[in-house]
Amino acid sequence: MFLIGRLLGWILMIFLIKPMRLIYGNKRCVYENEHILKEFNGRSMIVVSNHIKPRSKFLRMISMPYDAFMIRHLLKLHGIYATAMTSYDSGKRTKGTRNGKPHKNRKEQLIKGIVKSMDLIPLNRNESDPHTIREIKHRIDAGNLGLGIFPEGTYFRGFRKSRKLHGGMAILSKRYNLPILPLFIDAYNSNKPGRISIGNPLWEPMDAHLVTEYIAKEFLRLKERRSVEFEDEQLLGNDFTYGAGAENKALK
């Protein structure tokens with residue numbers, strides 16, 4: 001089933017994914033604070049962004065995240081390769097359960113093959129996969145890798161202050177010692193040029209509640225195109241003031 005999945009994945013890649021990359025990757029878009037990307041200097045990172053709900057009914061129907069293609073194009077311009085981890089299991093198993101039903105295992109192998117062919121990293125939440133872990137570590141160590149995460153968990157028309165973010169980005173940051181780079185995307189109206197604003201990175205791993213709090217504040221700041229001053233010594237260690245536009249400096 002894994003090989004069948006690989007074949008299906010290649011078909012999807014050739015006839016759907018690559019054309020969508022060309023269409024939405026080359027969409028008119030304004031990039032703000034691109035200078036921050038240069039500060040990574042070949043270092044791998046976790047890239048987090050708000051998740052845009054497609055205005056097109058067709059894109060919603062096929063669950064195609066066109067904002068991911070926009071992010072991929074931006075990172076590619078700076079020599080950074082973008083990918084993401086995608087779970088292929090059938091949901092978390094009950095504690096104490098070892099193996100699922102045979103048909104579920106076959107389905108998981110099929111999905112794993114599709115994910116692999118679509119240039120994503122397959123992830124099973126129910127079991128340790130040494131091969132996948134080694135692959136992730138190898139790609140991170142090679143540098144210039146952007147692991148994409150949408151911490152909202154699903155897509156929305158816009159980002160709100162009350163929106164809850166998931167802490168998986170903090171776990172990966174600690175596990176692989178990766179900085180976190182926040183991006184804000186304004187691209188709901190496909191008839192207008194999009195906007196991707198690059199925020200100030202978190203260079204060191206931190207506890208999940210601190211990370212989600214900081215990323216939410218950055219999303220709001222970038223959404224409103226304003227400067228902000230933090231006085232949270234627990235988060236930053238000192239007081240920092242961020243300038244707006246091209247004068248922004250990344251946290252170090």
Side-chain angles (χ1 to χ4, degrees), residues 24-25 27-40 45-56 59-60 64-75 77-78 80 82 84 146-170 173 179-203 206 208-232 235-236 239-252:
Y24 290 99
K27 173 182 169 64
R28 290 180 301 160
C29 191
V30 175
Y31 301 136
E32 297 179 344
N33 305 329
E34 281 188 86
H35 66 282
I36 292 177
L37 290 173
K38 297 178 182 178
E39 299 192 21
F40 285 88
M45 71 196 79
I46 295 171
V47 181
V48 299
S49 170
N50 59 308
H51 201 3
I52 300 296
K53 180 179 181 179
R55 193 174 187 178
S56 164
L59 292 179
R60 291 201 299 271
M64 190 56 59
Y66 69 95
D67 45 4
F69 299 139
M70 295 172 66
I71 293 172
R72 180 181 181 275
H73 182 73
L74 167 62
L75 297 179
L77 292 175
H78 292 269
I80 301 169
L147 280 174
I149 294 178
F150 293 116
E152 292 171 289
T154 187
Y155 52 56
F156 298 92
R157 181 170 178 173
F159 184 75
R160 296 181 179 179
K161 185 177 181 180
S162 59
R163 189 74 38 76
K164 180 182 178 181
L165 302 182
H166 298 281
M169 52 188 166
S173 176
I180 300 176
L181 175 68
L183 305 178
F184 178 80
I185 301 180
D186 182 3
Y188 177 73
N189 190 341
S190 58
N191 295 321
K192 296 181 179 180
R195 171 173 68 96
I196 300 181
S197 298
I198 302 169
N200 296 295
L202 282 175
W203 291 98
M206 295 182 181
H209 73 282
L210 295 175
V211 172
T212 54
E213 178 186 351
Y214 174 78
I215 296 302
K217 288 180 178 178
E218 273 295 89
F219 281 175
L220 286 173
R221 180 181 74 83
L222 296 170
K223 175 184 178 180
E224 298 169 7
R225 285 176 161 154
R226 60 179 171 82
S227 59
V228 65
E229 185 173 333
F230 284 89
E231 295 181 352
D232 188 344
L235 181 61
L236 302 174
D239 293 344
F240 286 80
T241 302
Y242 306 104
E247 295 301 317
N248 279 358
K249 290 186 178 180
L251 280 174
K252 279 191 174 181

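Keep in mind the model is a prediction, meaning the values are calculated, not measured. Below, all heavy atoms of this structure are taken into account, side chains as well, without hydrogens, waters or symmetry copies.
Heavy-atom minimum distance, Leu222 versus Phe184: CB-CB, 3.6 Å. Closest approach of Ser49 and Phe150 over heavy atoms only: O-CD2, 3.4 Å. Closest heavy-atom contact between Gly194 and Lys27: N-CE, 4.2 Å. The nearest pair of heavy atoms linking His166 to Thr212 is O-CG2, 3.8 Å. Heavy-atom minimum distance, Gly148 versus Ala84: O-CB, 3.6 Å. Considering every non-hydrogen atom in both Ile185 and Met70, the closest pair reads CG2-CE, 4.4 Å.
In this structure, the ring pair (Phe, Tyr, Trp, His ring centres under 6.0 Å) partners of Phe40, at least two apart in sequence or on a different chain, are Trp203. Partners of Ala82 under the side chain to side chain contact (heavy atoms under 4.5 Å, CB included) rule, at least two apart in sequence or in another chain, are Arg72, Leu75. Remark: Ser173 pairs with no residue by the side-chain hydrogen bond (donor to acceptor under 3.5 Å, both in side chains) rule, at least two apart or across chains.
For the pair Leu37 and Leu77, the minimum side-chain heavy-atom distance is 4.5 Å or more. For the pair Tyr214/Glu218, a side-chain contact is recorded, criterion being any heavy-atom separation below 4.5 Å from C-beta on. Two residues are said to be in side-chain contact when any heavy atoms from C-beta on lie closer than 4.5 Å; His35 and Ile198 fail this criterion. In this structure, Lys223 and Asn50 have side chains that are not in contact, with every pair of non-hydrogen atoms separated by 4.5 Å or more.
Considering CG of Leu183 and CD1 of Ile215, their distance stands at 9.5 Å, rounded to 0.5 Å. Between atom CE of residue Met45 and atom CD of residue Glu39 there is a gap of 11.0 Å, rounded to the nearest 0.5 Å.
Shown are Ile46, Ile36, Val48; of these, the side chain to side chain contact (heavy atoms under 4.5 Å, CB included) with Leu181 is made only by Ile36.
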Does the pair Met169 and Leu147 meet the rule for a side chain to side chain contact (heavy atoms under 4.5 Å, CB included), with working shown?
-> CA-CA 10 Å; Met169 52 188 166; Leu147 280 174; over 6 Å; no
